Amino acid sequence: MSFFPHGSTAIVTGAARGIGAAVARRLAKDGLPVAVVDLDEADCATTVEAIRRDGGEALAVAADVSDERQVEEAVARVVSTLGPPSVLVNNAGIGPRAELVEMTTEQWDTVLGVNLRGPFLVTRAAVPHMIEAGWGRVITMSSISAAGDAARVDYGSAKAGLIGFTKSLALQLGRHGITANAIAPGFVVSDMTRASARRLGLTFEEFQRRAAESVPVGRVGVPEDIAHTASYLASPAAGFVSGQVVYVAGGPVD
Ligand code: NAP
């Protein structure tokens, strides 16, 4: 039984693995048909099968979120197959490391392209359907790196940009019954943090142990921590919460 308005459908980007996969599974359990969007359609199979095993409805859709044409085609396919999107989770992101003085312009453009231009393109394609329905939820994955990231000025800049994006959306779209909120995760176990451990020459267990030492609740996050928050922000119950940044980081962030 879904508690969403009749005909609601969700899009989750970067949902083949990690946080996006957990969010997609959770929204499907909440009763939404979910479009599982990622770079490669075959990579979406694990998430789609997990949703179907749980009794939900899912569709694998390939798209690079930084590519305008691919995004337009992907959203059109979601509309014709699952129905118009009313919940969008902008989750796809990349976070390679490079010192500022060694960072190529190409890396800067790629990181900003996926992490900031991507949410703009997908949101622009999805929001007209929400406006038509008079109801919608845009949830965007920022990061505690928005407050500064010593290892990734490109990533920190994009994640801070997403907070301005979210607040601006909230101001512009509220009158259409659409809320916009950002989630700012702290350290979450995923392939992204696994890759960071490799780059630092640490085992993933050691990397997690060290990260947990600076987290007030004494542990690192798991994708389901983020999925619970996304589930709440997507729900009709969160209709009076908009333009917020919800830190899911095991403690406060300055
Ligand atoms: P992840 O494990 O690396 O998963 C990200 C997913 O996004 C992958 O499936 C990836 O596909 C996909 N993706 C990458 N570029 C894409 C593009 N251009 N178009 C469509 N899909 C694309 O990352 P995660 O840790 O789950 O992170 C999810 C989000 O949370 C990101 O926005 C990240 O910045 C944010 N976040 C994560 C953490 C953390 O500690 N993990 C903390 C704060 C914020 P491929 O694998 O094929 O590249």
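Counting starts at 1 for both ligands and their atoms, following the listed order. As the structure is a computational prediction, the values presented were derived from the model and not from experiment. Residues take their numbers from the sequence shown, with the count starting at 1.
- Distances below 4.0 Å separate heavy atoms of Ile94 from the following atoms of ligand 1: 14 (C), 15 (N).
- In this structure, Asp40 falls outside the shell of residues with a heavy atom less than 4.0 angstrom from ligand 1.
- In terms of protein heavy-atom proximity, atom 34 (O) of ligand 1 is closest to Tyr155 OH, 2.5 Å.
- Any N or O atom pair closer than 3.5 Å counts here, and Phe187 shares no such pair with ligand 1.
- Taking a cut-off of under 4.0 Å to the non-hydrogen atoms of Ala92, the atoms of ligand 1 that pass are 7 (O), 20 (C), 21 (N), 22 (C), 32 (O).
- Annotation: Glu206, atom CD; neighbour count of heavy atoms from other residues, nucleotides and ligands within 6.0 Å is above 12.
- Any N or O atom pair closer than 3.5 Å counts here, and Ser143 shares no such pair with ligand 1.
- Note that CG of Leu169 and CZ of Arg124 are 12.5 Å apart. Values are rounded to the nearest 0.5 Å.
- Applying the salt bridge (charged side-chain N to carboxylate O under 4.0 Å, His left out) test to every pair with at least one member in residues 102-114, sequence neighbours left out, gives no pairs at all.
- Asn115 contributes no side-chain N or O that, together with a main-chain N or O of Ala158, makes up a donor-acceptor pair within less than 3.5 Å.
- Looking only at distances, a side-chain donor or acceptor of Lys159 sits under 3.5 Å from a matching main-chain atom of Met141.
- Of the protein's heavy atoms, Ser190 OG, 2.5 Å lies nearest to atom 25 (O) of ligand 1.
- The shortest separation from a heavy atom of Pro223 to ligand 1 is not under 4.0 Å, leaving the residue out of contact.
- Nearest to atom 19 (N) of ligand 1 among the protein's heavy atoms is Val65 N, 3.0 Å.
- The OH atom of Tyr155 sits 12.5 Å away from the CG atom of Leu116 when rounded to the nearest 0.5 Å.
- Within the model, atoms CE of Met130 and CD1 of Ile178 stand 6.5 Å from one another, a figure rounded to the nearest 0.5 Å.
- Residues Val220 and Met192 do not share a hydrophobic cluster, defined by chaining ILVMFWY side chains whose heavy atoms lie under 4.5 Å apart.
- For ligand 1 and Asp191, the ligand atoms under 4.0 Å from any heavy atom of the residue are 2 (O).
- Side-chain atoms of Arg117 and Ser66 form no donor-acceptor pair, as typed in the model, at a separation below 3.5 Å.
- Considering each of Val89, Thr110, Asn91, the one bringing a non-hydrogen atom nearest atom 31 (C) of ligand 1 is Asn91.
- Classification of the Phe4-Trp135 ring pair by plane angle, with boundaries at 30° and 60°, yields perpendicular.
- Each of the atoms 15 (N), 18 (N) of ligand 1 lies under 4.0 Å from some heavy atom of Val114.
- The protein heavy-atom contact nearest to atom 5 (C) of ligand 1 is Gly93 O, 4.0 Å.
- Of the candidates Ala62, Gly95, Gly186, the one placing a heavy atom closest to atom 42 (C) of ligand 1 is Gly186.
- Counting only non-hydrogen atoms, the option in Met141, Met192, Lys159 that gets closest to atom 3 (O) of ligand 1 is Met192.
- Between Thr193 and ligand 1, a contact under 3.5 Å exists for no N or O pair.
- In terms of heavy atoms, Leu27 sits closest to Ala234 at CD2-CB, 3.9 Å.
- Only one option out of Val138, Thr166, Val12, Ile139 pairs with Asn90 in a side chain to side chain contact (heavy atoms under 4.5 Å, CB included); it is Val138.
- Ligand 1 has no nitrogen or oxygen under 3.5 angstrom from a nitrogen or oxygen of Ser142.
- Distances below 4.0 Å separate heavy atoms of Ala63 from the following atoms of ligand 1: 19 (N), 20 (C).
- Judged by distance alone, the side chain of Ser157 and the main-chain N or O of Val153 form a donor-acceptor pair under 3.5 Å.
- In this structure, Asp64 has a heavy atom closer than 4.0 Å to ligand 1.
- Nearest to atom 7 (O) of ligand 1 among the protein's heavy atoms is Gly14 CA, 3.3 Å.
- Note: an N/O pair closer than 3.5 Å links Asp38 and ligand 1 by distance alone.
- An N or O contact shorter than 3.5 Å is missing between Gly18 and ligand 1 by distance.
- For Ile19, a nitrogen or oxygen atom sits less than 3.5 Å from a nitrogen or oxygen atom of ligand 1, counting backbone and side chain alike.
- Nearest approach of Ala249 to Ile144, heavy atoms of both residues: CB-CG2, 3.9 Å.
- Protein heavy atom closest to atom 47 (O) of ligand 1, with residue, atom name and distance, is Arg17 NH2, 3.5 Å.
- Contact between Phe207 and Thr193 at its shortest, heavy atoms only, is CE2-O, 3.4 Å.
- Here the protein heavy atom with the shortest distance to atom 48 (O) of ligand 1 is Leu39 CD1, 3.8 Å.
- Nearest protein neighbour of atom 40 (O) of ligand 1, counting heavy atoms only, is Val188 N, 2.8 Å.
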